[in-house]
*Asks:* 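What follows is a single structure, and I will ask about it in a moment.
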Protein chains: 2
Amino acid sequence: MENQTITIYDVAREASVSMATVSRVVNGNPNVKPATRKKVLDVIDRLDYRPNAVARGLASKKTTTVGVIIPDVSNVYFSSLARGIDDVATMYKYNIILANSDGSDEKEVNVLNTLLAKQVDGIIFMGHHITDAIRGEFSRSKTPVVLAGSIDPDKQVGSVNIDYKEATAEAVSVLAANNHEKIAFISGSLLDPINGQERLAGYKQGLKDNKLSYNEGLVFETNFNYKTGYGLTDRLLNTGATAAYIADDELAVGVMNGLLDQGIKVPEDFEIITSNNTLITEMARPQLSSISQPLYDIGAVSMRLLTKLMNKEEVEEKTIILPHGLAKKGSTK
Amino acid sequence: MENQTITIYDVAREASVSMATVSRVVNGNPNVKPATRKKVLDVIDRLDYRPNAVARGLASKKTTTVGVIIPDVSNVYFSSLARGIDDVATMYKYNIILANSDGSDEKEVNVLNTLLAKQVDGIIFMGHHITDAIRGEFSRSKTPVVLAGSIDPDKQVGSVNIDYKEATAEAVSVLAANNHEKIAFISGSLLDPINGQERLAGYKQGLKDNKLSYNEGLVFETNFNYKTGYGLTDRLLNTGATAAYIADDELAVGVMNGLLDQGIKVPEDFEIITSNNTLITEMARPQLSSISQPLYDIGAVSMRLLTKLMNKEEVEEKTIILPHGLAKKGSTK
DNA sequence: CTGAAAGCGCTAACAC
DNA sequence: GTGTTAGCGCTTTCAG
């Protein structure tokens, strides 16, 4: 009972053609007479032959798989991007090797290296910041890279994002329009460009646009976690803030629930605008007003851009900015 | 400016040894004199040599990658499993090819085939039911398979789950203890064994244990979606139900919010127990009481089981049942 | 402890 | 249109 794997050679023999011909029909090469094509196809069917993608990869130097480096798949923000990435990948016949990095600089480098060792045709990177180590690896290898929902001030590689600065400024303006004087800014590490540069700049811009002054005491540098948000209540109230822009939905629900549990009414006593408009903004009560961004599309467009890069097509602009919006719901008046 | 990829052969030449020796040091084979090992390592470092995993895969017939078939990564239930899978995979030096199936029978088969073509060493399958087509592919290939959080009545392949029947019966008993006469059962397709067999059986068992009679009118077959749950309110109330067991968290929040928005108080007028105890049960107000299951662990244990199978180790029991619990929160009295 | 040599299964010129 | 022939980069006997 040998379970001999059947190869292209077996098919060639059975069909009395050369392996080159078999390869041609398998790859849809038109230079094959219909009759022989049919003959080969029949044998393939009879023998239940399946091309070995690994051998093909070695011979052609293309694996039709791309690496996706993600901080944490179980986080809705990232898994939404991942879904968009995979759908477009499938559309273009690519597969995805998904690797969690936990946002750890060290893991990111490790993971990137094993992905490269596996000869992926391209890489999609999601992360809060690009370390020099990662940047070095990126430029050292000629494998195309696209950042999805991640900012690299250097703009050396492709990227797809929304205009975080503008979106944040708008959110702050909405809050300011309701006569709040003290609007808090609650985000993750300010060392991450998306927070420390984009969003913070947008916050300052928003304040300025509404003749409000910037006060460092209203800036909260924390992490994107429900419990963290929930625990922030006292510190937040102590600043005298009556509204807040929050950079993450889970964090925002935490903050809101913390306020509610202390008897603070949202939006009557405190207004909140969050950033990702994920499903949880709808599940929360009151529903959370939010910047809306096309998460699925950011992933999808990233992958589409990557296919072009892998295909060495001309790309007019590899720093893509997608449109955003503002969904007013129950946490603003 | 040739960017010639540097191969094991280059290293061998530079280090004045054979490629066999280089291969040995790269693979940690102990049969190498320390001195030569060092010499080789130095050259590897100097040349910045990186083994080509594809070539290695072809020669060794092992790719150190496993395929993961998932209905939808952007669903927290599945992405939590995926996280457990990836962590253990990384621990054992495997990578994950992640493929979304949308729960479509056809896509599942396609995806399975491309995964097999890519010579994955093993497969983790998540899905609501196992079609004959899939079962056929599973038995045809000798690639080991493990089901994660998915039931196959046939038990031909490995699987990791909790005891859904028992857990559901317990949930129903908790509800019954609060003197509800009409307890609804709200789940997904009853054609899926996990719902139609396990959970429904548990529901009936729970009713029986509490001397309540089964009434088909209280069984809701729907899908796991927030909006669907939200839209269920009228039909649900019309049955006269005053409590419900719900098979999915998003669905449960939908149902609850629908009730709340019609002025029904939870848990005073209506009690709810949901099934997955994901983070959203905590974010909801009131918080949702839930069966608790170790999602991350189900993924992790699945992957661990798969490593054993791939390694041809003896496995005492390949149908693994993990413990569950019941977390009482705000949606029950 | 080390080297030689034969593949792994397929693609890609290059002839005919 | 179709066949021949080299490899792709590495692992793995088998000698020695």
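Chain naming here is simple, since letters A, B, ... match the order of the sequence lines and numbering starts at 1 in each.
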*Asks:* Within this structure, what is the CG-to-P distance between B/N29 and C/dG3, rounded to whole angstrom?
*Replies:*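 For the pair B/N29 CG and C/dG3 P, the rounded distance is 13 Å.
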*Asks:* Within the 4.0 Å limit for protein heavy atoms, which parts of nucleotides 7-16 of chain D are touched? Write it as a string from 5' to 3', B for base, S for sugar-phosphate only, - for none.
*Replies:* BBBBBB----
*Asks:* May I ask you to check whether B/E313 and B/N311 show a side-chain donor-acceptor distance below 3.5 Å?
*Replies:* yes
*Asks:* Can you check the B/K39 NZ to C/dC1 C1' distance for me, whole Å?
*Replies:* 12 Å
*Asks:* Answer yes or no: does a side-chain N or O of B/T36 lie under 4.0 Å from OP1 or OP2 of C/dT2?
*Replies:*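 Answer is yes, contact under 4.0 Å.
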*Asks:* For the pair made of CG in A/N31 and P in C/dA12, what is the distance, rounded to whole Å?
*Replies:* 14 Å
*Asks:* Taking only residues at least two apart or on different chains, which pairs with a member in residues 105-131 of chain A satisfy salt bridge (Lys or Arg N to Asp or Glu O under 4.0 Å)?
*Replies:*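 Listed by first then second residue: A/D102-A/K107.
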*Asks:* Do NZ/NE/NH1/NH2 and the carboxylate oxygens of B/E317 and B/K155 come within less than 4.0 Å?
*Replies:* no
*Asks:* Between the two end axes of the helix from C/dC1-D/dG16 to C/dC16-D/dG1, each built from 5 base pairs, what angle do you get to the nearest 10°?
*Replies:* 30°
*Asks:* Donor-acceptor pair, distance only, cut-off 3.5 Å: does the side chain of A/T63 make one with the backbone of A/Q119?
*Replies:* yes
*Asks:* Between A/S79 and A/A82, is there a donor-acceptor pair closer than 3.5 Å when you use the side chain of the first and the backbone of the second?
*Replies:* no
*Asks:* Think A/T21 has a side-chain N or O under 4.0 angstrom from the OP1 or OP2 of D/dG3?
*Replies:*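 Checking A/T21 against D/dG3: at least one side-chain N or O falls below 4.0 Å of OP1 or OP2.
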*Asks:* Pairs under 3.5 angstrom only: tabulate donor-acceptor contacts from the side chains of residues 9-17 of chain B to other protein residues two or more places apart or in another chain.
*Replies:*
unit_1: B/D10; atom_1: OD1; unit_2: B/R13; atom_2: NH2; d: 2.8
unit_1: B/D10; atom_1: OD2; unit_2: B/T7; atom_2: N; d: 2.7
unit_1: B/E14; atom_1: OE1; unit_2: B/R46; atom_2: NH2; d: 3.4

*Asks:* List in chain and number order the residues that pass salt bridge (charged side-chain N to carboxylate O under 4.0 Å, His left out) with A/K33, two or more places apart in sequence or in another chain; answer none if no residue qualifies.
*Replies:*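 Once residues adjacent in sequence are excluded, A/K33 has no partner under the salt bridge (charged side-chain N to carboxylate O under 4.0 Å, His left out) criterion.
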*Asks:* Within this structure, what is the CZ-to-P distance between A/R13 and D/dG3, rounded to whole angstrom?
*Replies:*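 Result: 15 Å.
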*Asks:* Please list all pairs passing the ring pair (Phe, Tyr, Trp, His ring centres under 6.0 Å) test where one or both residues lie in residues 71-114 of chain B, with sequence neighbours left out.
*Replies:*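 Every ring pair (Phe, Tyr, Trp, His ring centres under 6.0 Å) pair that includes a residue of residues 71-114 of chain B, provided the two are not neighbours, is B/F78-B/H128.
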